Amino acid sequence: MLRLALRNVFRHRLRTALTLAAIVSGVVGLILSGGFIEDSLVQLREATIHSQIGHLQIYKAGYYAQGSQMPYRYMIDKPQQLVDLANTMPRVTEVMARLNFTGMLDNGRTAIPILGTGLEPEAEARLGSSVRIIEGRQLSDKDAYGILLGEGVASAAKLKPGDRVTLLVNALEGALNNLDFEVVGVFRSFSRDHDARAVRIPLRAAQELLDVKAANAIVVLLDDTAATSEIAARLKPKLASGEYEVMTWDQLADFYDKTAALYRRQFGVLQLIVLIAVLLSVVNSVNMSIFERTGEFGTLMALGNKGKTVFRLVLTENLILGLIGSAGGALLGMLLAWAISSVGIPMPPPPNSNSGYTALIRVVPSVVAGAFLVGFAATIVASLLPARRVARLPVVEALRQNQ
Amino acid sequence: MMDIADLKLAMRNTVRHGVRSAIAISAISFSVVALLLAGGFIEWIFWATRENVIQTGMGHIRAVKPGYLESGVAEPFSYLLPATSAELSALEAVPEVTGVAPRLSASGLISHGETTLSFTGEGVDPEKDQLVNGHLQIRKGSDLSALDPKGIIVGEGLAASLGVQPGDQVTLLTTSASGGINAVEGNVRGVFWTGVKAFDDAALRMPIGMSRELLRVSGSHIWVISLERTERTQAVLSQLRSQFKSNTLQFVPWFELFDFYNKTVALLSSQLDVVRTMIGVIIVLSISNMLIMNVLERSGEIGTLMAMGTRRRRIVRLFLSEGLVLALAGATLGLLVGLVLASIISAVGIPMPPPPGRSEGHSAEILVTWPVAASAVVLAIGTTLLASLYPAWKASRLVIVDALRHNR
């Protein structure tokens with residue numbers, strides 16, 4: 001039976017080729033679309049991590065919930081110890097400290113209330129630029145007293161790059177400290193309200209301004225997102241218990257889950273349409289191919305073969321076709337995914353970023369396996385009905401197709 | 001190129017090969033259906049993204065005093081719009097404008113017990129501001145209400161820092177118009193969450209009457225204008241700009257205010273285009289596959305035709321006409337089925353999760369627009385014609401004897 005089916009498959013070269021083409025293109029389509037969607041989700045995740053959050057952040061316990069408005073109450077007094085500790089962990093590529101403060105910005109005419117962040121400019125740049133520079137340039141490590149202003153702050157105080165400003169803060173003991181800065185650039189972030197009050201200065205300048213050596217947050221960047229929870233779990237016992245809290249990126253970006261869920265659903269509907277298109281294309285080809293051979297099956301039955309035998313023959317043939325087509329499709333799909341990825345699909349920049357990214361098509365084992373199964377199953381299921389039809393056809397009727 | 005005789009023959013052939021034609025037509029019409037549904041769904045995604053932006057408080061158009069956007073934060077009292085004026089009534093009377101909601105921003109300090117923190121607040125009119133009500137995600141308590149003139153809602157981070165729960169008393173403190181310090185008592189009605197932590201850590205919303213009392217002014221900073229239909233924004237915008245003098249009112253549409261939205265859409269449309277292209281390619285392949293099989297199975301018939309003296313060019317023409325008949329039938333059927341399916345799916349709705357910062361998601365629909373329908377039909381018909389060209393040409397190149405041999 002198997003040998004006969006194989007012979008049939010190779011005898012009808014053209015029909016076999018066309019049916020195979022339908023199966024292969026379907027499987028390839030599923031692999032490519034699935035791989036692209038996976039990539040979009042991965043890129044969304046990485047963009048989230050690289051926009052300011054990092055993989056892990058270490059705070060003084062309680063800072064995340066209540067500290068943003070009261071940074072002085074939740075200071076890490078010896079940030080260098082934590083930085084050194086984090087640097088001893090595997091997979092860690094970058095560790096940086098941030099210090100937040102509230103104060104006034106004086107441009108010589110008026111004073112504007114601001115929320116400031118002291119940070120390490122070049123380490124932050126390696127994390128990823130979370131903000132767009134719309135005027136001037138980014139801070140660099142060489143700007144000891146440079147300041148980046150939020151768009152709203154710059155327009156409210158009528159400041160542009162090159163101007164000098166003074167920051168005033170209430171230091172810990174209640175003394176009023178001030179320090180002069182030169183505006184190097186103006187940035188725009190996710191929210192106008194935020195930009196109307198935000199400024200950024202180098203960490204050392206912020207520490208000098210507040211007269212402390214402390215920081216509010218230690219941001220840790222890893223080389224692999226998948227290792228986040230493992231590293232977080234290994235970091236926690238090394239910290240003095242109760243004194244610090246370790247937050248992972250998915251806890252910090254609580255909007256990410258919702259965005260990803262929405263994304264998944266949007267792409268999911270399109271993927272369902274792809275799936276149905278593939279199914280129908282395979283069903284159509286198999287159907288047509290069996291229909292065209294009605295006469296042949298009539299001859300078989302006229303020669304004394306049972307309807308059951310014919311049914312099984314058709315099924316075996318399609319089993320072979322499905323196997324070859326799906327395997328070929330899986331191979332070709334992976335090859336194409338690899339080829340397209342090496343060229344890349346240029347994409348526009350995500351919100352909050354200046355530079356676009358290159359989309360890839362990821363080879364996801366589960367997607368490849370799923371595509372293979374869909375192609376294989378569709379071929380067999382598609383052959384059931386037409387096979388049953390020819391097997392039940394009166395022999396004379398079927399023979400008549402042999403004009 | 002094709003004449004009536006060809007078309008007539010093509011029709012007859014289509015009807016004669018009942019099963020073959022049916023399979024080919026089903027492939028074509030299904031392609032149209034798939035393209036319609038995918039395209040219509042993508043249209044809906046854009047629509048939903050846009051409406052989400054507008055409904056999270058942006059409004060369609062904002063009217064402000066010229067200069068407010070640049071300097072309003074530093075000099076909040078220099079750019080006040082009057083509480084009532086001829087212009088406001090004129091704005092409300094503009095056809096297509098469904099509502100004008102005043103907003104008054106007020107920033108200052110908020111205290112509860114021992115804790116005092118800074119806030120950025122906005123006074124809104126809970127009654128007129130339909131856009132705000134119910135669209136912010138309220139995590140605890142309830143939204144602003146016109147019946148509770150002292151009830152405010154605060155961002156989640158601010159609520160945590162202050163340690164307040166719904167029902168707690170708070171005091172708002174700010175510098176009023178006269179330069180003095182002014183304080184107003186209020187109570188927390190609810191806690192909201194937008195998903196932007198830096199915003200939720202400092203933001204609150206209060207009834208506009210309360211923010212007027214706080215600043216000791218009677219006007220507002222912004223009039224948020226909502227329209228019947230988002231697509232009309234540009235048209236209404238230019239009408240408003242010509243109707244009102246530019247030195248009294250400045251009109252800003254939502255798409256100029258929200259850079260974030262434009263970039264989101266640019267990225268989303270590139271991503272969706274890639275998927276749409278993949279669907280297109282699968283469909284082109286599926287149609288070509290079907291037609292090649294359809295024509296090549298008929299080699300014997302072609303041999304007979306040529307043996308009886310039909311020219312090769314006529315053969316090509318015949319098969320092209322047949323392709324055309326199939327394409328038209330398939331596209332029409334597909335369009336019909338697609339539209340019916342689209343309206344059924346839209347009526348039932350595809351449940352979608354809510355976007356970040358919102359409490360409810362829309363349930364998705366299929367928005368079949370003219371460009372979506374036209375491109376689906378053009379792609380299907382074009383593919384069918386191209387796909388029938390190759391096998392027709394190939395068939396016409398057959399050696400007659402070989403072709404006849406297929407007539408076993």
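Numbers restart at 1 for each chain; the letters A, B, ... are given by sequence-line order, proteins then strands. Keep in mind the model is a prediction, meaning the values are calculated, not measured.
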Rounded to the nearest 0.5 Å, the CG atom of A/L115 sits from the OG atom of B/S118 at a distance of 5.5 Å
Measure across A/R197 and B/A202 and return the closest heavy-atom pair with its distance rounded to 0.1 Å. NH1-CB, 3.9 Å
Identify which one of A/I276, A/N284, A/V283 satisfies the side chain to side chain contact (heavy atoms under 4.5 Å, CB included) criterion when paired with B/F30. A/I276
Atom pair CZ/CD1 of B/F41 and A/I273 - distance to nearest 0.5 Å: 7.5 Å
Please rank B/L285, B/V274, B/L37 by heavy-atom pairs under 4.5 Å with chain A and give me the top one. B/V274
Using non-hydrogen atoms and a 4.5 Å limit, figure out which bit of A/I340 sits close to chain B: side chain, backbone, both or neither. neither
Side chain, backbone, both or neither of A/A22 within contact of chain B (heavy atoms, under 4.5 Å): both
How far does CG of A/L280 sit from OG of B/S26, to the nearest 0.5 angstrom? 7.5 Å
Considering only heavy atoms and a distance below 4.5 Å, find which of A/L18, A/V282, A/V153, A/I37 pairs most often with chain B. A/L18
When the 4.5 angstrom heavy-atom criterion is applied to B/I42 and chain A, the contacting part is side chain
Atom pair CZ/CD1 of A/F267 and B/I45 - distance to nearest 0.5 Å: 7.5 Å
